[in-house]
Every structure is written in structure tokens, then in C-alpha cells.
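In this chain, numbering begins with 1 at the start of the sequence shown.
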Amino acid sequence: MTKHRLFWPAAVLAALLLANVAFTPDFFAVRIKDGHLYGSLIDILHFGAPLILVALGMTLVIATGGIDLSVGSTVAIAGALACLHISESADPGGVGTVLTAAGLALLVALVLGSVNGFLVSRVGVQPIIATLILMVAGRGVAQLVTDGQIITVTSGPFQLIGGGYWLTVPFAVVLAAAMVLLTALLTRSTALGMLLESVGGNPVASRLVGIRAQRLIALVYVFSAVCAAVAGLMISSNVSAADGNNAGLWIELDAILAVVIGGTSLAGGRFSLGGTVLGALVIQTLATTIYTIGVPPETTLVFKAVVVIAVCLVQSPKFRAKLSHRRRSGAGRGSRSESAAPANLEVGR
């Protein structure tokens, strides 16, 4: 069991959940109030849905050997555009207005993802540089859209995306689950996943066997931007406002951590969507645990970094192999010294 790629992320997630019980005895309690599910576990899924989506797109990008640092800016731009359109509309509460706002955000995300994909696949710019450009410029674009202000909206249909419920479950959770399921079907039920792993594992060999690597690389950056845009709609909808400066701030780092915790190598090649979901839930559960145990705000980031390092070390096969080797070596030296003692005693006699 310990050799399965999902064992350690699942074990860490279970440990964090159990640790919360010591501080909150009813942590696992799930209640129904006004026809909606409430509880700490529901909150973790609810607030972790945007991170799951961003990490989902990041997984496929990393599988091709790339990286996408611009997802945080895409989150901010998508939320800003949607809220700006709704606030300036004559009917902010209309379903058509909300659908148009969401479509506008997704369309801009397609353009941003295409720019990243073009720079990486066609121009040959290194992924970290290409996406770093949009990471910096995109945050400025979001500020221009909002005019440096926080745009607030009052729209029931828009609030459904990130703060509403559907069949007693938060709609954001349903939307994230649907995206994960669709991605899993496309990458595991077709040859797409194998082609992505081939491009990330050995791009030269992939090109020689006829795989159109450039199109696949461009496609994953577009998909990553779309996932970030949907996450941006969730975040802005949940608070009914758009903040171009703080929305999605540093979410790209949490997404990369979620992918790594889930067992996907940053070098590219094989990837695990299930591991990514577990990694995102680990990070969100860790954030919940920090607030539950009362860690001082000024040490929150340090505490989070220490726990993430411990998680990465625990699931590292090389680290575990070194630990077991040292234990065996120590036990071997102890047994040899015990067996040598009687012999030395006999010599003395």
C-alpha cells in the first residue's frame, strides 16, 4: 500500500483531518440547515474548489514539462471582467447578464492561454519566463479593469457560481467535480493522457514518432487558463466582488504545491489527477487547521511551509529509503556489538 502514489497524500490528509478533532470535537459533523449541507468538511470542499480547478490545469501543464505562473493573474482578470460587466448592466440579476459575463471571462482566458501556448510552443520561450510575463502584466490588467477599486455586485445568479447550493451541495464543489471528471475521462479514456506524458517525458522521441507536440503544449496552456478563469468566477462570486490586487494572489504557488504533493513530477511525464485533488485538499485542510489550532497570523506562512516540507519528505521514496537504511545499519551495528562482547570476555578470561 505504501508504494501506491496516492497513499501518502491520502495519509497526510487523514492525519490533518484527525488532528482537527483534538481542537474541534464535532469537526466531522455534517448538518442540514435550510436544505443546505453545513460543516467543516463541507467548508474544506467548498473553499478548496477554486484551488482544485487551478491545480487541475497546472497538472497537465507540468505533465508536458512546463509551468504556468500566470494562473493567479488570470483568476483576477476573469473575476474583474465578470463583475465589471454585471455592475454596468441594466439587469444585474438577469441570467443572460451572468452568462454573458461568464462567457466574456472565459473568452479572455482562451486568449491569455493561447498567448502563453504560442510563446512556449511556437516561439520557444521557456515556460517560466513566458508565464511570468503574464503573471506581472496580468495583475496590472486586472487593476486597469477595476480602476484600482473593488467592484461589488448584487446578483443572485452570479452568486450561485461560488456561493450558492445545488441539491444541498455547494455549487462550486459540483462544478469542480464535473471539471475533474471530464478531465479524467479525456486524459484516461482516450490517448490524450498518454500523448501528454510522452511529450513531457521525452519530447524528442515524441516528435520522431509523429506526435504534434506543439499543438498539445499550446492546448494545455489554454486549458490551464480556462480552469483559472472558472476559479476566478468562483472566488469573485463567493464574495460578490472583484479585487484586482488580491484575487488569486499566490494561488499559482499553492497549485504547484498541490501538484507536487499529489505525486506529479515537475520534470514532466506521468501525472496523477487524483493525487492533485488530494494535494489541493491537503493544502486547504492545512489552512483550516492553522485557524483551528490558533496559530498566530504572523507565523502562519512559516507554519505552512514547515508542514509542506514535512509532507514532501514523507512521500519522497528516496528519503524513506535513506531512513530505513539508517535504521537497518543502526540495528546491525547494535547486534554485532552485542555478539562481540561475550567473545572479548572469553579472551580476557
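- The two residues Ala229 and Ala109 come nearest to each other via the heavy atoms CB-CB, 3.5 Å.
- Closest approach of Asn116 to Ser70, counting heavy atoms only: ND2-OG, 3.0 Å.
- Scanning both residues, Ser155 and Ile86, for their nearest heavy atoms gives CB-CG2, 4.1 Å.
- Taking hydrophobic clusters as Ile, Leu, Val, Met, Phe, Trp and Tyr residues chained together by side-chain heavy-atom distances below 4.5 Å, Ile283 does not share a cluster with Val302.
- Using modelled atom types, one side-chain atom of Thr97 and one backbone atom of Asp91 make a donor-acceptor pair closer than 3.5 Å.
- In this structure, the side chain of Thr59 does not engage the main chain of Leu273 through any donor-acceptor pair within 3.5 Å.
- Between Leu45 and Ile52, the closest side-chain pair of non-hydrogen atoms is not below 4.5 Å.
- Partners of Ser224 by side-chain hydrogen bond (donor to acceptor under 3.5 Å, both in side chains), not counting sequence neighbours, listed by chain and number: Asp68.
- Inspection of the Thr24 and Thr292 side chains reveals no N or O donor paired with an N or O acceptor under 3.5 Å.
- Between the side chain of Thr64 and the main chain of Leu196, no donor-acceptor pair closer than 3.5 Å is present.
- Criterion: ILVMFWY side-chain heavy atoms under 4.5 Å apart, direct or through other members. Under it, Val21 and Phe23 are part of a common hydrophobic cluster.
- Note that CD of Gln143 and OG of Ser73 are 10.5 Å apart. Values are rounded to the nearest 0.5 Å.
- For the salt bridge (charged side-chain N to carboxylate O under 4.0 Å, His left out) condition, the pairs that include at least one residue of residues 250-275, sequence neighbours left out, are Asp254-Lys304.
- How far CD1 of Ile151 is from NE2 of His85: 12.5 Å, rounded to the nearest 0.5 Å.
- Hydrophobic clustering of Ile, Leu, Val, Met, Phe, Trp and Tyr side chains at less than 4.5 Å, counting indirect connections, keeps Tyr291 apart from Phe47.
- Between the side chain of Thr168 and the main chain of Leu37, no donor-acceptor pair closer than 3.5 Å is present.
- Summarising the geometry, atom CE belonging to Met234 is positioned 4.5 Å from atom CG belonging to Leu53; distances are rounded to the nearest 0.5 Å.
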Please determine whether side-chain contact (heavy atoms from CB on, under 4.5 Å) holds for the pair Val282 and Leu257, giving the CA-CA distance in whole Å, both sets of side-chain angles, and the decisive distance to 0.1 Å.
CA-CA 10 Å; Val282 165; Leu257 281 176; over 6 Å; no

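- Considering CG of Leu195 and CD1 of Ile211, their distance stands at 5.0 Å, rounded to 0.5 Å.
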Report the C-alpha distance between Val174 and Leu167 in whole Å, list the side-chain angles of each, state the deciding distance to 0.1 Å, and finish with yes or no for side-chain contact (heavy atoms from CB on, under 4.5 Å).
CA-CA 10 Å; Val174 177; Leu167 297 178; over 6 Å; no

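- In this structure, Val120 and Val125 have side chains that are not in contact, with every pair of non-hydrogen atoms separated by 4.5 Å or more.
- Taking a 4.5 Å side-chain heavy-atom cut-off between Ile, Leu, Val, Met, Phe, Trp and Tyr, the cluster of Tyr165 extends to Tyr38.
- Among all heavy-atom pairs drawn from Ala142 and Ala76, the shortest one is CB-CB, 3.8 Å.
- Think of Val95 as one node in a network of Ile, Leu, Val, Met, Phe, Trp and Tyr side chains linked at under 4.5 Å; its network also takes in Leu99.
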Run the side-chain contact (heavy atoms from CB on, under 4.5 Å) test on Leu192 and Leu216 for me, step by step, so that the C-alpha distance in whole Å, both residues' side-chain angles and the decisive distance to 0.1 Å come before the verdict.
CA-CA 9 Å; Leu192 180 60; Leu216 289 175; 3.8 Å; yes

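- Side-chain contact between Leu69 and Ile128: present, with at least one pair of heavy atoms (C-beta onward) separated by less than 4.5 Å.
- With a 4.5 Å cut-off on side-chain heavy atoms, Val153 and Pro92 do not count as touching.
- Side-chain atoms of Thr288 and Asn20 form no donor-acceptor pair, as typed in the model, at a separation below 3.5 Å.
- Other members of the cluster containing Leu181 are Leu185, with ILVMFWY side chains joined at under 4.5 Å, either directly or via other members.
- Atom-to-atom distance recorded for Ser236:OG and Ile161:CD1 is 7.5 Å, nearest 0.5 angstrom.
- Side-chain atoms of Ser237 come within 3.5 Å of backbone atoms of Gln159 as a donor-acceptor pair (strictly under, hydrogens ignored).
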Evaluate side-chain contact (heavy atoms from CB on, under 4.5 Å) for Thr131 paired with Tyr221, printing each intermediate quantity in order.
CA-CA 10 Å; Thr131 57; Tyr221 282 96; 3.9 Å; yes

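- With Ser114 contributing its side chain and Leu110 its backbone, the two residues share a donor-acceptor pair below 3.5 Å.
- A side-chain contact (heavy atoms from CB on, under 4.5 Å) with Ile77 is found for one member of Leu112, Leu144, Thr146 and no other, namely Leu112.
- Residues Phe271 and Val180 are members of one and the same hydrophobic cluster, defined by side-chain heavy-atom contacts under 4.5 angstrom among Ile, Leu, Val, Met, Phe, Trp and Tyr.
- A donor-acceptor pair is defined here as one N or O able to donate and one able to accept, closer than 3.5 Å; such a pair exists between the side chain of His46 and the backbone of Gly162.
- Proximity of a side-chain donor or acceptor of Thr289 to a complementary backbone N or O of Thr285 within less than 3.5 Å is detected.
- Summarising the geometry of Gly113 relative to Val222, their closest heavy-atom pair is C-CG2, 3.7 Å, with the distance given to 0.1 Å.
- Put simply, Leu160 and Val239 are part of two different groups of oily side chains (I, L, V, M, F, W, Y) that touch within less than 4.5 Å, one to the next.
- Closest heavy-atom contact between Asp26 and Arg31: OD2-NH1, 4.3 Å.
- Here the options are Ile62, Leu60, Leu56, the test is side-chain contact (heavy atoms from CB on, under 4.5 Å), and the partner is Val259; only Ile62 passes.
- For the atom pair CG (Leu286) and CG (Leu13), the distance works out to 11.0 Å, reported to the nearest 0.5 Å.
- Every pair passing salt bridge (charged side-chain N to carboxylate O under 4.0 Å, His left out) that includes a residue from residues 197-206 is listed here, sequence neighbours excluded: Arg188-Glu197.
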